[in-house]
Structure formats: C-alpha cells, structure tokens
Protein chains: 2
Amino acid sequence: MATIRDVAKLAGVSVATISRYLNKNGYVNEETKLRVEQAIKTLQYEPNAMARGLAGRKTGTIALIFPDITNPFFAELARAVEDVARMYGYTVILCNSDNQADKEQTYIRVLKQRYVDGILFASYSLRSDDVDALNNEKIPFIMLDRAPRETSCTVVSSKHLEGAQQAVQHLLDEGCTKIAHIYGPQDTVTGRERFMGYEQSVKHFPWYSPSLVEPGYFRVDGGMEAVENLMKRHPDIDGIFAGNDTMAVGALKKLQRMGVRVPDQVALCGFDGIDLTVIVEPEITTVAQSIYDMGMLSTRLLIKKIEGDNSEHQTHLFDVKLIPRESTRRKR
Amino acid sequence: MATIRDVAKLAGVSVATISRYLNKNGYVNEETKLRVEQAIKTLQYEPNAMARGLAGRKTGTIALIFPDITNPFFAELARAVEDVARMYGYTVILCNSDNQADKEQTYIRVLKQRYVDGILFASYSLRSDDVDALNNEKIPFIMLDRAPRETSCTVVSSKHLEGAQQAVQHLLDEGCTKIAHIYGPQDTVTGRERFMGYEQSVKHFPWYSPSLVEPGYFRVDGGMEAVENLMKRHPDIDGIFAGNDTMAVGALKKLQRMGVRVPDQVALCGFDGIDLTVIVEPEITTVAQSIYDMGMLSTRLLIKKIEGDNSEHQTHLFDVKLIPRESTRRKR
DNA sequence: ATGAAATAGGTAACCGGTTACACATCGTTT
DNA sequence: AAACGATGTGTAACCGGTTACCTATTTCAT
C-alpha cells in the first residue's frame, strides 16, 4: 500500500500539500493539483483510515445500536440510516445489542475506542447517567424512541401515546366490546407509552380489567404466548391491540391456531407499520410510523451535530397513521 | 482520555511495559502488573483503537457483507457471526450491500482503509478477479454460499442442488403432477444450483416446460409476481418450488389472494428454513439450512485465518433438511 | 564457578496521516 | 515605495499505540 509520503515524492511536493489536496483545505495550485492527482492514480493511493483517525480524530463512521436485528422495524431503520450516511460519505457500523444491556455497554466502549464520530441509539437500556456520560465525552449522539431525561439529548420519536389511542378507538369503532392489550417491555418508552395510550382509552369502560393485558416482549413468540393466556382468562375478548407488529403477527398466528376467526371473532391491531403485516392473511391493521423518515432525520441530525452544529437538544415527534386492514374489518 | 504514557508515568514504568501487559506478550513482574492495573483503573484508561490499528495492524474487527438486511436469513446469519466474534473478542461491522455491486465495492474499499482484520462475504457480486485481488492483498476472507472459482478461497455453503431435488421429490411424493419453480438471481450460486436441482428433477417428465419457471429475485414481492405470471400461463400447476423462503411467502400470499387453496390446489415448498415460514398460515414446507451453524463455522474459520492459520482453502458443505409442513400436506 | 536461558523492563523508531508555523511570492492598496 | 493580504508550499511535531533492540538481573545446569 502506498503512503502519503510515496505520493508526495512522486508528485515532487511535500506531504502537507497532499494532505491539503485530499482534505480540500488550504491552498493548492491548479498545476500541482494535477500532478498530485496523477501520482495518486498511478500509485493507487488510498488514505489510511487509521492514521487519519488517529491524527485528525475524525473517522467518517457512525454507529447504529439497535436491540433486535430480526425485527424488520430495525432493518428498515438501518436502511434509511445507511442511505443517508452514504450520501454524506459516512460508513455505518450496525450494532445489534440483542436487548442486552451489557452488550450495549460493550458496544459503547468499543465504539469510543474506535473514535466513531457519532452514535444513533435505537436501543434502550441506556440510563440517564449513561446519557450524561456521553454528553460529557462530547460524543455526538441521538436517541431514537427513548428519552431518559428530555432535555439532555436530542430525541427522534413518534407519537406513541396518540397512536395507541387511535388504535383502541379504531377497535371500538369497529364494534369491539372487550379489548385486550399485549404490551412491550416497560423499560422502553415505546412499550410504556403505547400501554398508557391503551389504558387511558379503556379504563373508564365497565368491562375493563387489569387482567386484560399481557406482556409480549416485542417478539413474535411473546405475542403468541400472550394471546394464549389472554384467551384463557377472557374467552370473550373481541379485540386485541398489540404494542408492535411482530407481537401482532404472533397473536394472529396463535389465534388462527386456536381456531379463533380474525377479524370476525377477534379484531387485531398492531403498531409500527412493517411489511410483515401485509404478508400474513388476513392483513393486519396497524398504526404506521414513518420508519424510513425517522431514520433519515435522525441520521441527518447526527451528521449535523458531528459537523459542528451546536444547537440545543431538540425532540422531534413524528406523526403516526392508522392503516385499517382486514384484521379489524368487522361486519356489523 | 488518558494515554498509555500517562499510565506509564503513574505506574512508574515505561510504555513498553504497559503495552506488554495489555497484550499479554513479553514478561511482566507480578508486582509491576499490580501497579499497572492500579494505574489503569485510576485513570480509567482505555487503549485507543486507532493507534493500535495503526501501529499493530490489527483492529479486532471483522466485517460481514450481505445483500439484504430485510431477509431474515441474513439476520440470523448476522447473529451467529456476532455471537462467535464476541466470544473471540472481535467486533463485527455489518454491511448491507443491498444487492448492489457498487455498494459492495465501496464497502471493500472502506473496509480495507479501515484495516478490518477479515471479511465474510454473504453477498455475491464478487467476480473471480475481485477474489484474486483480495487474495493478493492478503486480507483474510471467507465466502458464504458463493465460490467464483473453487480453489481460490474458503467457502462455506449448503447442498443446494441436493436440497432442491429433495424439495421437488417431496412435491412429487405428495402427488403433484405439474411443478413450477420460482428462481432466485442466476448470478448467485444459491439461485443457480437450486434452479439446476429443480430442472434435473423434472426435465424428464412429459409435463415439463421451460415456461414453468419464473424469476422472483429472492424477494417477497418477486414471489408474488412470479406466481401471478405462472398461474396465468399454467392454471393447472399443482406444485411450486420457490428458490427461497421469502419468495415462498410471497407466493403463498399471492395464491391466497387469488383464491387458490394451499396445499389442496397448489402445494408449496420453500428453501432456507427461516422463521417466517412458520408464521404464515398454512406453515410452509421448506428445505432448511443450518443457518446459525454456517455463520458460526465461517466466523471461526475466518478468525483462525486472521490469527495465522495458513491451511489450504477448503469448501465446507452443510447438509440441508426438508421439513414437511402444511403447505405440502395433501389429501390423496 | 560459569555461561546459557529465562525474566524484567527501558529507549526510541515507527505506523501514516494532520496541521501549526514558517517562509516565499505576487498583486493591490495607500 | 512600503505595507499588507492572498496564495502556495515545506518542515517537523504530534496523535497513541507497538515492537525491535538493548541492558540488567536471576535461575540453573554443567
């Protein structure tokens, strides 16, 4: 591999000039520029990222930490992040924390050691002192869907509470008279807010009971298990709001296995808007988030921060949109 | 951030000793070791990965390049790779090439610049001269499922041809009398070999016709489109072998939309063994690969290579296993 | 007693970039 | 004509590690 000094020698200039040319800062004569370009080409010179990182403290890398690579939600998010990052010349390191706080911590350590320029958190084990620590280290980061303490970092999220209320209202509108909820991890804002939205929408009904909720851990198998327990306790449930789509898919699966007709006997609504919901039959009604847009915006914000934007921490809340599909289309 | 020299000063030794302690090479006295540990702790010292990479040419990073992050097959593969890498102290950079050759090339360039210790290719745009180039650069790599030229690199793959034949045989056993094939990209070994397996198994039947195959691009929507075209041309098809599971899922979806009963009217078999096949109803028969094991083995092989194993290039072929499910269970 | 081997640790060059600072030239302003 | 700013380029220190090479002491077999 050729080094910058080889190029300098061949072009008959000093390394500083090459560096200036590469980074487009400082003055370089037009003719010199041509000679440098020629030298770079003949030597097939590629600047060494390690040396660059070491000397300049910029690596052109951002990391996305997310909790579950098998959840299509994060797959889509990752694509958005990658697309934008690529556009700005950054590389993305995808880090799957597998919902384990220690993995997440390891990643943070490793990423700091590697001088990533910024971090996007779509994972949630982070406590507010972790956030403070990151702030102290001055490493730019953005939280997706989680805000341990609102003002201390920039957050990109959706209107989860509102969405959950829309979902429940939709089920009510379709004539459901006893609606259960499969909730996600309560140490996540997403899981918590959607739960709250459900609770607020149904608590004043006479049929409401705290035994109408079951955890589903944001996973397919969790959704299946939850349905089983719910239907055992309340065979007369006629509507289920699942805290995310993967759980909704699991719920549907289990309902079908139990011989419960969807939507006739039980109407089902999910949350997120991933493609999985239109792959199954019947297609599942869901509260769609603008996943790709969230990914794009957060990446843009992060890159801005990296490149010196010092504006205040902001919170961006995306609208959500209920998409009615077959799983809630009931004959009245 | 504390540096190695700070630690050296505090511990009252030279940087070489710290380095020796950190890398566990060379001799370090027990007492000295304790002082060093103490110093590291009080300074909260973390070695700088950039400097390490630059000086030692080892970064403790491996990259996994794959074509489609939305395909659960690669999600599972990625988890296996990550798990093993973690075990050996390596970090994984996940690179989603989105099936675009240029993205793949960009990644290779970027990864080389960043001194990744090794690369795992589950993507396939690589031509044999690319492979030669990698070999020349002496950067360890392993191909998953693709072997441009068998002897020039280590390959981990499955018995695709055999699996495809098993799939077709299974459909025949279940009484199918006209079997179509939805094939994957023909510039992939996987797509090609499964196609060949199908072709070899059916070409001697009187009902066989080249118009019984359609491309599905390994994607859900591709599978849907393919089914539409196939059924238009041959309404009497009673069996479909899809070249992978995502296409099979798409096929099922379309068949259901078209009012075709699965498996009664058309039996359906996929390939890969991803969880999606048991989420849909009916559950889809598939030829399962040992995805996780393939990921584990290839990562182990890669790390071995990185750590100096110079044995010959080998080809590891995993067995596949037909898993009969409802989508092919026919009343006879 | 002696020399080889094992143990312990220091010095300084090096990895391949970036950049502060110095210096030179040239056109423009006053 | 002197002063100044813009342009163009080189020198060398520095980023934070690794490691080759060297020195010194201890252990141990002969």
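Computed over heavy atoms, backbone and side chain alike; hydrogens, waters and symmetry mates excluded.
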| Presence of B:N23 side-chain N/O under 4.0 Å of D:dT18 phosphate oxygens OP1/OP2 | yes
| Which whole-number value in Å describes the distance from A:D6 CG to C:dG17 C1'? | 13 Å
| request: Kindly determine whether A:Y217 and A:N99 satisfy side-chain hydrogen bond (donor to acceptor under 3.5 Å, both in side chains), including the steps that lead there. | output: CA-CA 10 Å; A:Y217 314 102; A:N99 268 316; over 6 Å; no
| field | A:K112 to A:Y115 six-membered ring, cation-pi geometry met (6.0 Å, 45°) | value | no
| task | Round to a whole Å and report the spacing from NZ of A:K33 to C1' of D:dT7. | result | 13 Å
| message | By nearest heavy atom, map B:N25 and A:T32 onto DNA chain D; which one lands nearer the 5' end? | response | A:T32
| query | For the side-chain hydrogen bond (donor to acceptor under 3.5 Å, both in side chains) test, which of B:E312, B:Q314, B:K305 pairs with B:T154? | reply | B:K305
| request: Ignoring backbone atoms, test whether A:Y27 places a side-chain nitrogen or oxygen under 4.0 Å from the OP1 or OP2 oxygen of D:dG8. | output: no
| Which of these nucleotides, C:dA20, C:dG9, C:dG10, is closest to any side-chain atom of A:A16? | C:dA20
| query | Closer than 4.0 Å, any side-chain N/O of A:T17 to the OP1 or OP2 of D:dG8? | reply | no
| message | What I'd like to find out is whether the side chain of A:T70 reaches to under 4.5 Å of the side chain of B:E76, using heavy atoms alone. | response | no
| Euclidean distance, atom CG of residue A:L22 to atom P of C:dT19 [Å, nearest integer] | 12 Å
| request: Please work out which of the three classes, parallel, tilted or perpendicular, describes the rings of A:F121 and A:F141, given edges at 30° and 60°. | output: perpendicular
| request: Would you mind reading off the distance between A:I18 atom CD1 and D:dT11 atom C1', rounded to a whole angstrom? | output: 15 Å
| remark: Here the distance between atom P of D:dT18 and atom NZ of B:K24, to the nearest Å, is 12 Å
| task | Send over the distance from B:Y21 OH to C:dG10 P, rounded to a whole Å. | result | 16 Å
Heteroatom pairs (N/O) under 3.5 angstrom, protein to nucleotides 13-16 of chain C:
| unit_1 | atom_1 | unit_2 | atom_2 | d |
| --- | --- | --- | --- | --- |
| C:dC15 | O3' | B:R57 | NH2 | 3.2 |
| C:dC15 | O2 | B:A55 | N | 3.4 |
| C:dG16 | OP1 | B:R57 | NH2 | 3.1 |
| C:dG16 | N7 | A:R5 | NH2 | 3.4 |

